[in-house]
Amino acid sequence: MTPADLSAAIVRILAGLQAAGTLGAGSLPTDVVVERPKNREHGDWATNTALQLAKAFGTNPRALAELMAAELRGVAGVAAVDIAGPGFLNITLDAAAAGELAKTILEAGEAYGTGSDLAGQRINLEFVSANPTGPIHMGGTRWAALGDSLARVLIAQGAEVTREYYFNDHGAQIDRFARSLLARARGLEAPEDGYGGAYIGEIADRVLAGTADDILALPDAEAQEKFREYGVELMFGEIRQSLHDFGVDFDVYFHENSLYESGAVERSIERLRELGHIFEQDGAVWLRSSDFGDDRDRVVIKSDGDAAYIAGDIAYYLDKRSRGFDRCIYMLGADHHGYVPRMMALCAAFGDQPGTNMEILIGQLVNLMRDGQPVRMSKRAGTVVTMEDLVDAVGVDAARYALARSSANSQLDIDLEQLSKRTNDNPVFYVQYAHARTKQVANNAASLGVERTEFMPELLNHASESELLAKLSELPRTVAQAAEFREPHRVARYLEEVAGAYHRWYDNCRVTPLSGGPVESVHRTRLWLNEATGVVLRNGLALLGVSAPERM
RNA sequence: GCCCCUAUAGCUCAGGGGAUAGAGCGCCGCUCUCCGGAGGCGGAAGCGUAGGUUCGAAUCCUACUAGGGGCGCCA
């Protein structure tokens, strides 16, 4: 008996009451929320359904609660139903019905926690998309952790997800990058508007070492082109490697330049022109984005004939849609939030639904802190702190967990001291240790002959077992909400609660008998609960891309 | 000036209309004759301000204050 089972039972009861004429006409909910009450004196589960629906059914909350309670008491596994306050229903299960969950979880295994809310949806999830002009900095790192985890959560809800990286290999920033490489190779200062980190020297050296001809002997324009061609390739290789080492691999690395080479940019602008949303003024080509909620119109082709940045986005969006994606989710940094209205406008200009076909998530900035001061310098990049810096300092698990455990729309300060020097005082270790402990307990149980040969769920009746079971039952709902709200951090917070409940259970309920004592049914049954906790922690950590070690 | 995000414990953050607002860290106590004490138990400590909606607001709305970010024919 899980909260989901109770919820379904309540929906059936309401329908039954209405069919019997006991309730007036009123639209029935398809799902009601059943929650663990904060105060254990209020039972195992509680719902405020009667308070919320009474008005719609033309009755008062207390009366509706009475009707529902009478029916609920007849549901198998329900031990008691009380009505409290203005109309809360407090439900107590019998221990066996609650304990059954341990077996359910073990039978489901890796599938426990998955759902089908998003079944059939084809989602394109674009994140990171950092320019290949330098290493990935903290903003991109946060998106890598959060985006990859979101992808996993969406997949767990049945969506078909393509992780995509938009590779901006076209335009002025790349030119500056190439000029910077060339200048460094010639022993000159970086250009005024160029890039100056130590990595520029490294890349420049590798370009020189990797090309047979003496490209420094070429005229500037040709030499710069060589540095652009090979330098971008090398930089991008490094970015891919950093991401891979971070546990993030994209299904598609999309090259902006390909949109220009294939003519997709011209074709997409032509399409908008046919739809009547393009006009020309002052020698430039404009998108009438103000017709679609943007605060002004936007230049698509500049008066000098070059494409503006948005031209690539127009073509890219159309390309994603033509590849069959119902939803295109973009994860952007806070410094790009001003770009959102024009993106939504171009979506609408194509006749699509902003917010549905196109969804944009904005992530606030993240600061690395050390000794209470922001860390701004990176050895390699010169100015920004990179993904590699963070991983070097704290490791992949701690880095990903720290970045994924907070909501994207709050700014985040990450304390390197807490994550590195005192690693055992870190939330990720609290969770990972709980998982390792389930393994240790299982090993001890095996060596003492405790096996899962019998399962008597009514023996899981200690208060700490009730708490643990209740917490384990919430994984499916947590994952579903994380997917619905695009908030994978919910999974991390949930796991911390599971870990706490497990540690408390461990201190109260032994899986192995005291030395010399007989192995009893209760030990064998508790082993199921121990294993079920391991499954939940493992499945949850997997959604965050964090390892579940068997020992620490 | 306009737009976006944020304001909850000493710190970093959860809490998407419900009952006594939580976690980790830090601080003060306690806890091991038996599954790893990297644990557990107890304590001190908090919703920026002012209104509004509601039976009920940390949560929704408005104003204000404070912090961060953004407002190019840059990318």
Side-chain angles (χ1 to χ4, degrees), chain A residues 33 35 37-39 41-42 46-48 51-52 55 60-61 84-88 90 131 133 168 170-174 176 193 256 281-286 295-296 298-304 306-310 312 333-341 362-365 367 369 372 402 405-415 417-418 422-434 436-437 440-445 447-448 450 464 481 484-485 487 489-490 492-494 496-497 499-500 502-504 506-517 523 530 551-552:
Chain A
V33 175
E35 288 178 315
K38 292 187 191 102
N39 188 335
E41 289 169 14
H42 294 147
T47 181
N48 60 1
L51 279 90
Q52 291 180 330
K55 195 174 285 181
N60 69 70
F88 291 104
N90 293 333
N131 287 341
T133 53
N168 298 123
H170 181 94
Q173 286 199 37
I174 293 296
R176 287 201 281 274
D193 56 356
E256 180 187 13
Q281 185 180 306
D282 303 332
V285 177
W286 299 66
D295 56 356
R296 48 172 298 187
R298 303 291 171 179
V299 168
V300 176
I301 304 292
K302 296 184 277 185
S303 53
D304 66 4
D306 284 349
Y309 185 76
I310 196 173
D335 52 343
H336 284 86
H337 93 269
Y339 206 68
V340 173
I362 297 295
Q364 300 302 312
L365 303 185
N367 284 312
M369 308 292 284
R405 79 187 282 265
S406 292
S407 163
N409 47 16
S410 70
Q411 288 178 59
L412 185 59
D413 288 346
I414 290 188
D415 186 345
E417 295 298 316
Q418 186 181 334
R422 305 185 304 240
T423 48
N424 44 353
D425 293 337
N426 180 307
V428 73
F429 287 92
Y430 184 74
V431 176
Q432 287 182 316
Y433 176 64
R437 183 172 253 184
Q440 192 63 39
V441 167
N443 291 342
N444 292 334
S447 66
L448 288 171
V450 180
S464 67
Q481 287 195 326
E484 180 187 356
F485 300 130
E487 291 182 347
H489 75 272
R490 288 165 182 274
R493 300 299 174 150
Y494 165 77
E496 289 167 28
E497 291 172 11
Y502 176 72
H503 287 314
R504 281 185 284 280
Y506 171 91
D507 274 320
N508 284 289
C509 301
R510 295 184 57 93
V511 173
T512 58
L514 290 174
S515 66
H523 301 119
N530 182 73
R551 59 177 42 174
M552 305 288 291

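Order of the sequence lines fixes the chain letters, A, B, ..., with proteins taken first and strands second; residue numbering starts at 1 for each chain. These values consider heavy atoms only, across backbone and side chains, with no hydrogens, waters or symmetry-generated copies.
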Considering all heavy atoms of both residues, which atom of [X] and which atom of [Y] are nearest to each other, and what is their separation?
| X | Y | value |
| --- | --- | --- |
| A:His337 | A:Ile362 | CA-CD1, 3.8 Å |
| A:Pro61 | A:Pro86 | CB-O, 3.4 Å |
| A:Ala84 | A:Asn90 | CB-ND2, 3.4 Å |

Return the value, rounded to whole Å, for the distance between atom [atom1] of [X] and atom [atom2] of [N].
| X | N | atom1 | atom2 | value |
| --- | --- | --- | --- | --- |
| A:Phe429 | B:rC25 | CZ | P | 13 Å |
| A:Tyr494 | B:rA23 | OH | P | 17 Å |
| A:Asn48 | B:rG17 | CG | C1' | 9 Å |
| A:Leu365 | B:rG68 | CG | P | 11 Å |
| A:Asp335 | B:rC71 | CG | C1' | 13 Å |
| A:Asn367 | B:rG67 | CG | P | 16 Å |
| A:Gln411 | B:rA7 | CD | C1' | 11 Å |
| A:His336 | B:rC74 | NE2 | P | 15 Å |

How would you label the contact of [X] with the nucleic acid (heavy atoms, under 4.0 Å): base, sugar-phosphate, or nothing?
| X | result |
| --- | --- |
| A:Leu412 | sugar-phosphate |
| A:Ala84 | base |
| A:Ala284 | base |
| A:Glu497 | nothing |
| A:Ser515 | base |
| A:Asp282 | base |
| A:Ala436 | nothing |

Can you tell me which nucleotide in [options] comes closest to the side chain of [X]?
| X | options | answer |
| --- | --- | --- |
| A:His42 | B:rA19, B:rG16, B:rA14 | B:rA19 |
| A:Tyr430 | B:rC5, B:rG39, B:rC35 | B:rG39 |
| A:His337 | B:rG70, B:rG40, B:rC73 | B:rG70 |
| A:Glu496 | B:rG39, B:rG18, B:rA23 | B:rA23 |
| A:Lys38 | B:rA75, B:rG69, B:rG22 | B:rG22 |
| A:Pro86 | B:rG68, B:rG24, B:rG18 | B:rG18 |
| A:Ala172 | B:rA75, B:rC73, B:rC35 | B:rA75 |
| A:Arg504 | B:rC41, B:rA75, B:rG39 | B:rC41 |
| A:Tyr433 | B:rC55, B:rG37, B:rU6 | B:rG37 |
| A:Tyr309 | B:rA75, B:rG18, B:rU6 | B:rA75 |

Return no unless some side-chain N or O of [X] is found under 4.0 Å from OP1 or OP2 of [N].
| X | N | answer |
| --- | --- | --- |
| A:Arg296 | B:rC73 | yes |
| A:His503 | B:rC41 | no |
| A:Ser407 | B:rU6 | no |
| A:Lys302 | B:rC74 | yes |

Please state the [atom1] separation for the pair [N] and [M] - nearest whole angstrom.
| N | M | atom1 | value |
| --- | --- | --- | --- |
| B:rG48 | B:rG42 | P | 27 Å |
| B:rG46 | B:rA58 | C1' | 11 Å |
| B:rC61 | B:rG17 | C1' | 13 Å |
| B:rA14 | B:rG24 | P | 16 Å |
| B:rG39 | B:rA23 | P | 15 Å |
| B:rC28 | B:rA21 | C1' | 23 Å |
| B:rC64 | B:rA7 | C1' | 14 Å |
| B:rA50 | B:rU31 | C1' | 48 Å |

CD (A:Glu41) with more than 12 external heavy atoms under 6.0 Å: no
Watson-Crick or G-U counterpart of [N], or none if no pair lies under 3.5 Å:
| N | answer |
| --- | --- |
| B:rC41 | B:rG29 |
| B:rA19 | none |
| B:rC64 | B:rG48 |
| B:rC2 | B:rG70 |

5′-ward residue of the pair A:Cys509/A:Lys55 relative to RNA chain B: A:Cys509
Comparing A:Gln481 and A:Tyr339 on RNA chain B - which has the more 5′ nearest nucleotide: A:Gln481
Listed partners of A:His489 passing side-chain hydrogen bond (donor to acceptor under 3.5 Å, both in side chains), at least two apart: none
A:Arg490 charged N/C atom sitting above A:Phe485 aromatic ring, 6.0 Å / 45°: no
Whether A:Tyr506 stacks on the six-membered ring of B:rG40 base, 5.5 Å and 30° limits: no
Step-by-step side-chain contact (heavy atoms from CB on, under 4.5 Å) determination, A:Tyr506 to A:Val511: CA-CA 8 Å; A:Tyr506 171 91; A:Val511 173; over 6 Å; no
Side chain of [X], base of [N]: donor and acceptor closer than 3.5 Å?
| X | N | answer |
| --- | --- | --- |
| A:Asn90 | B:rA19 | yes |
| A:Ser303 | B:rC73 | yes |
| A:Arg490 | B:rG16 | yes |

Criterion side-chain contact (heavy atoms from CB on, under 4.5 Å) on A:Leu365 and A:Asn367, from CA distance to verdict: CA-CA 7 Å; A:Leu365 303 185; A:Asn367 284 312; 5.7 Å; no
Side-chain donor or acceptor of A:Thr47 paired with backbone N/O of A:Val33 under 3.5 Å: yes
Donor-acceptor contact present, side-chain A:Asp304 to main-chain A:Asp306, <3.5 Å: yes
